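For clarity, every value in this text was computed on a predicted model and none was experimentally measured.
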Amino acid sequence: MKKLFVFAVLALAATGFCFAQRAAEYDLGKSSGENVDYNRIGLSFDNTSFSPNSDAKNIIDGTISTNGFGLNYIHGFSLSNSLPMFIETGANVNFNFGSKGYEEGTKLIVQNFNLQVPVNYVYRFTLADDFSLAPYVGLNFKLNLATRFKEALEDGYIWNDGSDDDTDWVSVFDKDEMGEDGTWNRFQMGWHVGVGVQYSKIHLGLQYGTDFISAFSYSEGGYKPAINTGNFKMTLSYCF
């Protein structure tokens with residue numbers, strides 16, 4: 001996982017450098033209302049919830065909420081010289097962690113590491129010099145690079161064999177551990193809405209959405225367990 005993290009950060013930095021060369025042709029510091037291409041790089045707080053349907057209660061008994069952070073890069077392409085309309089795309093690397101009570105005395109610990117590519121339609125309203133408001137709607141393409149879980153004991157509890165160690169980590173993509181029909185989906189696609197507030201070169205964004213493709217789904221006869229995901233993101237970025 002450390003190697004994947006280093007690779008993702010280097011890729012993100014290289015992409016940002018390439019777009020920065022193009023952005024240097026513009027004087028982006030004049031006003032947040034100019035209809036020119038732009039770049040943003042930022043750090044986000046991310047929350048992803050894993051919610052089972054009624055047939056998946058034996059997999060997860062109730063919603064697991066995971067919190068974490070993301071490294072985010074966005075490039076905005078201007079669609080018009082006269083109207084402040086833009087298409088945004090980029091890449092986000094996200095790390096989420098969470099836990100939930102599982103059985104009496106135990107809890108389920110979950111970790112997720114993913115790469116996301118958003119595609120947004122943005123309309124920007126300039127409210128004052130160097131101050132703008134930009135609502136947007138878009139699609140999100142997610143590649144789950146690693147999702148794993150383990151069981152841990154609550155304080156004061158021990159296993160039946162007398163040990164108090166956590167169980168080993170299990171990858172939800174491992175067919176040997178999860179079974180042929182029990183592995184989760186590496187790829188997900190979803191939608192989101194959001195709004196960004198920009199003052200000078202500082203941008204604050206809020207976003208919420210859900211995924212069309214479930215984190216896990218299976219169908220056999222009338223039995224159709226699924227684990228669905230919802231995503232909230234708050235991002236603080238620097239624009240250039």
Side-chain angles (χ1 to χ4, degrees), residues 1-12 42-53 55-74 90-103 106-119 138-152 166-179 181-192 194 205-218 225-236:
M1 182 177 291
K2 289 183 178 179
K3 290 183 179 179
L4 287 173
F5 172 77
V6 172
F7 174 78
V9 171
L10 291 175
L12 197 65
L43 185 66
S44 62
F45 163 78
D46 296 273
N47 174 274
T48 296
S49 59
F50 295 85
S51 302
N53 67 1
D55 286 343
K57 296 295 185 180
N58 62 322
I59 303 174
I60 297 178
D61 186 12
T63 298
I64 294 180
S65 180
T66 62
N67 297 312
F69 66 94
L71 303 173
N72 303 264
Y73 172 76
I74 287 290
N92 310 325
V93 182
N94 305 283
F95 307 83
N96 292 319
F97 316 89
S99 64
K100 181 179 178 58
Y102 185 52
E103 296 177 346
T106 68
K107 59 182 177 181
L108 191 67
I109 300 176
V110 179
Q111 295 180 352
N112 174 258
F113 171 37
N114 64 71
L115 173 67
Q116 300 185 30
V117 176
V119 179
L139 297 175
N140 192 62
F141 304 90
K142 181 194 300 183
L143 179 63
N144 292 297
L145 301 175
T147 303
R148 62 179 189 171
F149 66 87
K150 68 176 179 179
E151 289 184 64
D166 296 347
T167 64
D168 293 333
W169 286 104
V170 174
S171 169
V172 299
F173 309 117
D174 189 336
K175 292 182 180 180
D176 292 334
E177 295 284 355
M178 304 297 293
D181 299 320
T183 55
W184 291 31
N185 297 319
R186 281 196 179 272
F187 176 75
Q188 292 181 266
M189 183 177 71
W191 69 276
H192 53 249
L206 297 175
Q207 175 182 299
Y208 179 76
T210 60
D211 293 310
F212 303 134
I213 300 177
S214 301
F216 169 80
S217 60
Y218 175 68
I227 297 175
N228 302 304
T229 44
N231 309 284
F232 171 78
K233 178 186 289 287
M234 179 171 63
T235 309
L236 183 63

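- In summary, the side chains of Asn47 and Lys233 do not present any donor paired with an acceptor at a separation below 3.5 Å, with no hydrogens or angles considered.
- Inspection of the Gln111 and Asn96 side chains reveals no N or O donor paired with an N or O acceptor under 3.5 Å.
- Between Glu151 and Leu108, the closest side-chain pair of non-hydrogen atoms falls below 4.5 Å.
- Nearest heavy-atom pair, Thr63 versus Ser51, reported as atom, atom and distance to 0.1 Å: OG1-OG, 3.0 Å.
- Checking Asn53 against Asp55 by side-chain atom types alone, no donor-acceptor pair falls below 3.5 Å.
- Scored by the side-chain hydrogen bond (donor to acceptor under 3.5 Å, both in side chains) test, Trp191 finds Thr210 as partners (sequence neighbours excluded).
- Side-chain atoms of Arg186 come within 3.5 Å of backbone N or O of Leu145 as a donor-acceptor pair.
- Formation of a donor-acceptor pair under 3.5 Å by the Ser171 side chain with backbone atoms of Phe173 is found in this model.
- The main-chain N or O of Thr48 is found under 3.5 Å from a side-chain atom of Thr66 such that the two form a donor-acceptor pair.
- To the nearest 0.5 angstrom, Leu115 atom CG is 12.5 Å from Phe141 atom CZ.
- Using modelled atom types, one finds a donor on one side chain and an acceptor on the other under 3.5 Å when comparing Thr147 with Asn112.
- Under the 4.5 Å side-chain criterion, counting only non-hydrogen atoms from C-beta, Lys150 is not in contact with Val110.
- With contacts defined as side-chain heavy-atom distances shorter than 4.5 Å, the pair Asn144/Gln188 qualifies.
- Nearest heavy atom pair, residue Tyr208 against residue Gly230, reads OH-CA, 4.2 Å.
- Between Phe45 and Asn67, the closest side-chain pair of non-hydrogen atoms falls below 4.5 Å.
- Using a 4.5 Å heavy-atom cutoff, the side chains of Trp169 and Ile109 are in contact.
- No side-chain heavy atom of Pro118 sits less than 4.5 Å from a side-chain heavy atom of Leu139.
- For the pair Asn185 (side chain) and Ser214 (backbone), a donor-acceptor distance under 3.5 Å is present.
- For Phe69 and Phe95, the ring centers are positioned less than 6.0 Å apart.
- Ring-plane geometry between Phe216 and Trp184 is classed as tilted, the angle between the planes lying from 30 to 60 degrees on a 0 to 90 degree scale.
- The side-chain heavy atoms of Val170 and Met178, taken from C-beta on, include a pair separated by under 4.5 Å.
- Annotation: side chain of Asn231 is in contact with side chain of Asp211 (closest heavy-atom distance under 4.5 Å).
- For Asp174, the side-chain hydrogen bond (donor to acceptor under 3.5 Å, both in side chains) test picks out no residue, with sequence neighbours left out.
- Here the closest non-hydrogen pair linking Gly90 and Val117 is O-CG1, 3.4 Å.
- The line from CG of Asn94 to OG of Ser44 is 5.5 Å long, rounded to the nearest 0.5 Å.
- Distance check, rounded to the nearest 0.5 Å: CZ of Phe187 to CD1 of Ile213 gives 5.0 Å.
- The shortest heavy-atom contact between Met234 and Leu206 is CG-CD2, 3.5 Å.
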